[in-house]
Amino acid sequence: LAKTTQPISMDSYEGQEVNITCSHNNIATNDYITWYQQFPSQGPRFIIQGYKTKVTNEVASLFIPADRKSSTLSLPRVSLSDTAVYYCLVGDKPDAGGTSYGKLTFGQGTILTVHP
Amino acid sequence: EAQVTQNPRYLITVTGKKLTVTCSQNMNHEYMSWYRQDPGLGLRQIYYSMNVEVTDKGDVPEGYKVSRKEKRNFPLILESPSPNQTSLYFCASSLSPYPGGRYEQYFGPGTRLTVT
């Protein structure tokens, strides 16, 4: 069963760069690593996804080392509006007796608080 | 507009009274999934569906049923709700879960259920 481990919480200040690391020691060869952002009382929203090395989009960067057993979400110059819960997600395999490979397991997420 | 809709958004009910939470997506996605979110436990997958008439258990399926008779709809059924099913529920869809969570999941706005 694939699992992810993230810090429970992090604090930062406006304008700083924030790096959130996720550990996924049992990641499978075909699995992608996806990060989601969630604001209170809203559904999670896709931020970024990668398979290996580095991926960058308009809101974040994702660093994945060669062994793929961890990944780091980097948020440049955070603002108060980046205060949210951030989830790392990798693919999963069904438990014994399962019939398909659609099981996805979220970690507990990292509560990021950005201070003025 | 591409979206996932859930109804109702809020529901207060009593123990044992059957209820259905509807979920619908307009993106022709094959994959749909239900999650529950509880404080300190993150998002936990209840059931998922790879396509019409194909469903499978997630991490916390006890007490829930689902059906996928049409591609766009994936209702969550609680036949005899209990207070421990009080939670925030999210429906999500994606093009496909293959490979390893490759495609972005789109989440609905959530349904807050209280069972007394």
Side-chain angles (χ1 to χ4, degrees), chain A residues 1-9 22 24 26-52 55 57 64 68 71 85-111, chain B residues 2-6 9-10 23 25 29-51 53-61 66 68 74 87-112:
Chain A
L1 183 68
K3 284 186 66 175
T4 61
T5 304
Q6 306 172 229
I8 293 175
S9 64
C22 178
H24 27 79
N26 297 322
I27 189 169
T29 303
N30 291 336
D31 284 350
Y32 282 73
I33 300 154
T34 311
W35 285 81
Y36 288 84
Q37 176 191 55
Q38 186 181 28
F39 297 112
S41 299
Q42 294 185 23
R45 184 180 68 172
F46 174 91
I47 303 175
I48 196 166
Q49 183 182 72
Y51 183 78
K52 61 181 178 181
V55 179
N57 63 21
I64 305 170
R68 302 198 334 117
S71 58
V85 181
Y86 292 83
Y87 291 96
C88 163
L89 174 68
V90 299
D92 208 339
K93 288 186 178 180
D95 293 332
T99 58
S100 57
Y101 284 72
K103 197 173 181 185
L104 297 172
T105 301
F106 281 84
Q108 291 191 355
T110 298
I111 302 170
Chain B
Q3 61 181 350
V4 177
T5 56
Q6 296 178 226
R9 294 288 314 280
Y10 302 90
C23 173
Q25 50 93 5
H29 283 167
E30 291 188 351
Y31 180 84
M32 297 186 74
S33 181
W34 276 102
Y35 298 88
R36 63 177 287 175
Q37 185 169 40
D38 303 288
L41 297 177
L43 286 155
R44 295 181 294 168
Q45 191 177 44
I46 303 171
Y47 269 96
Y48 60 91
S49 170
M50 305 293 280
N51 213 325
E53 303 291 2
V54 181
T55 62
D56 211 339
K57 297 177 181 179
D59 287 320
V60 289
V66 293
R68 188 92 180 274
F74 189 44
S87 186
L88 180 58
Y89 292 86
F90 289 103
C91 178
S93 74
S94 73
L95 194 62
S96 167
Y98 296 129
R102 170 69 177 91
Y103 295 100
E104 171 186 354
Q105 288 190 82
Y106 293 80
F107 283 81
T111 295
R112 189 168 293 280

Side-chain contact, heavy-atom cut-off 4.5 Å: L89(A) with Q105(B)? yes
Closest non-hydrogen atoms of Q42(A) and F90(B), given as atom of the first, atom of the second and distance, are O-CZ, 3.4 Å
Residues L43(B) and F106(A): closest non-hydrogen pair is O-CB, 3.6 Å
Rounded to the nearest 0.5 Å, what's the gap from OH on Y106(B) to CZ on F46(A)? Could you check? 8.5 Å
Contacts of R68(B) that satisfy salt bridge (charged side-chain N to carboxylate O under 4.0 Å, His left out) - sequence neighbours left out: none
Please look at Q6(B) and chain A and tell me whether the side chain, the backbone, both or neither of the residue comes under 4.5 angstrom of a heavy atom of that chain. neither
Give, as side chain, backbone, both or neither, the part of R112(B) having an atom under 4.5 angstrom from any heavy atom of chain A. side chain
Chain B contact via Y87(A) - side chain, backbone, both or neither, heavy atoms under 4.5 Å: side chain
Looking at F107(B) and Y36(A), what are the two nearest heavy atoms and their distance? CE1-CE2, 4.0 Å
Part of S41(A) within contact of chain B (heavy atom distance under 4.5 Å): both
